[in-house]
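Letters A, B, ... mirror the listed sequences (proteins, then strands); counts begin at 1. All figures in this text were calculated on a predicted structure; none of them were measured in a lab. Hydrogens, waters and symmetry mates are skipped; everything else that's a heavy atom, side chains included, is used.
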2 protein chains.
Amino acid sequence: MDTLVQQVATRLRDEGGRMTSQRRLILQALEELGGHPTAEEIFRHVSRQSPGINLSTVYRTLNWLEENGFIAPRWFEEERRRERFEPAVQIARSHHPTPFHFRCRSCNRILEFADPRMEEIVAQFERRSGARVKDVELTLYGLCQTCAKTESLSGTSPHHEGFIR
Amino acid sequence: MDTLVQQVATRLRDEGGRMTSQRRLILQALEELGGHPTAEEIFRHVSRQSPGINLSTVYRTLNWLEENGFIAPRWFEEERRRERFEPAVQIARSHHPTPFHFRCRSCNRILEFADPRMEEIVAQFERRSGARVKDVELTLYGLCQTCAKTESLSGTSPHHEGFIR
DNA sequence: TAATTTATTGCAAAACATTTGCAATAGACA
DNA sequence: TGTCTATTGCAAATGTTTTGCAATAAATTA
Ligand SMILES: [Mn+2]
Ligand SMILES: [Mn+2]
Ligand SMILES: [Zn+2]
Ligand SMILES: [Zn+2]
């Protein structure tokens, strides 16, 4: 049990599912793309290998992978309707390795980080509220190092290029 | 300059806009509803007063209020497409009074909280990454006190009622 | 107060991301 | 190789938000 495809195949077999060529391609796309690709991006990637594949197949597969803990979706503010799926690099972990994100409002670059102090913040909230916290979503928005520099040079934001998506 | 309607009217006048009966109703709805209403909920609320009002008018007004810093949108995970607007209780502040949220996955109740330690977490991220952080979004998900109790009594979640929406 | 200007509205249609019903296809297993 | 049925492709539906446009009504002017 090593590659993503194999792990998924095993889980699939356990519940009477089938490993198909489409699912194999989508899993490879997740590994090759990394980062936080959208369903659309994954679709375009697999379409190069296999032009016949359908967008709804991508959605169905992504949903199954999510329900089975292989990937996790993320949402970033204005992108109201776009889902970005965590790469399936750390498989079968329900929690993200470095769960927190920073997103540059100028170039859309995403940085990941972790901070042990979050744990105490959550613990205190639980004590005070009586609630039981299962998941934590922390996202910072602003300008990445590169964009912050460009910004300060040219006065009011010239919306420079260098986009990631 | 005291009520929300008056503040908005002033801003409107400053930029050649007009205070309409529809906008007045929507602003009253924001005050009366409080919490984190959706566009749809605001629409239903104003429709009771004035059945002729149109959903797109609600959206257009909400967008204008957002662009002008009177309200702020929030997104909560699975509700992929629903926007919840912060009430306009604290007007003309670009930052939310208590910026962090907890949302119960069982009853959808939302609790708000603040924690001064977040500031140091953000500051450290800025130092290490070189990025400039403008906004912080922290959302916790889990079970509120009430739902946590019910849950523990009855074994596997019976998805009890008492919904907020 | 009436006329003028044009921002705003209601309406219907479009946009956009995602889901779903269904008949055809193709994995898995005997 | 044949059987069973999970999965696919396709087209249509869904749910939310936006947009074009002619009609309406705030605000300003005469
Ligand atoms: Mn990530
Ligand atoms: Mn809030
Ligand atoms: Zn940047
Ligand atoms: Zn609850």
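Using a 4.0 Å cut-off between charged side-chain N and carboxylate O, B:R127 and B:E120 make a salt bridge.
For D:dA6, the OP1/OP2 oxygens have no side-chain nitrogen or oxygen of A:T20 closer than 4.0 Å.
Between the P atom of C:dT8 and the CG atom of B:L12 lies a distance of 6 Å, rounded to the nearest Å. Across the protein-nucleic acid pair, A:L25 atom CG and D:dT8 atom P stand 11 Å apart, rounded to whole Å. The separation between A:Y59 atom OH and D:dT8 atom C1' is 17 Å, rounded to whole Å. Taking atom CG of A:N63 as the reference point, atom P of C:dA17 lies 16 Å away to the nearest angstrom. Atom CZ of A:R18 and atom P of D:dT8 are 10 Å apart (whole Å). In this structure, CZ of A:R23 is placed 11 Å from P of C:dG27, rounded to the nearest angstrom. For the pair A:F43 CZ and C:dT18 C1', the interatomic distance rounds to 13 Å; values are reported in whole Å. A:W64 has its CH2 atom 13 Å from the C1' atom of D:dA6, to the nearest Å.
B:H45 and B:E40 share no side-chain donor-acceptor pair at under 3.5 Å.
Taking the ring centroids of B:F102 and B:Y141, they lie at or beyond the 6.0 Å cut-off. Remark: aromatic rings of B:F113 and B:H101 are distant, center separation not under 6.0 Å.
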Each nucleotide N or O in nucleotides 28-30 of chain D that has a protein N or O under 3.5 Å away: list the pair and distance.
none

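The stretch residues 45-58 of chain A touches DNA chain D through A:G52, A:I53, A:N54, A:S56, A:T57, each having a heavy atom within less than 4.0 Å of the strand.
Counting non-hydrogen atoms under 4.0 angstrom, A:Q22 reaches the backbone sugars and phosphates but no base.
Environment of CZ in A:R24: crowded, with over 12 heavy atoms of neighbouring residues, nucleotides or ligands closer than 6.0 Å.
With A:T150 contributing its side chain and A:T146 its backbone, the two residues share a donor-acceptor pair below 3.5 Å. Judged by distance alone, with hydrogens and angles left aside, the side-chain atoms of A:D115 form a donor-acceptor pair with the main-chain N or O of A:R117 at under 3.5 Å.
The base of C:dT9 has none of its N or O atoms less than 3.5 Å from a complementary donor or acceptor on the side chain of B:R60.
A:R18 and A:R23 get closest at one heavy-atom pair: O-NH1, 2.7 Å.
Legend: residues meeting side-chain hydrogen bond (donor to acceptor under 3.5 Å, both in side chains) with B:E119, ordered by chain and number and at least two apart, are absent.
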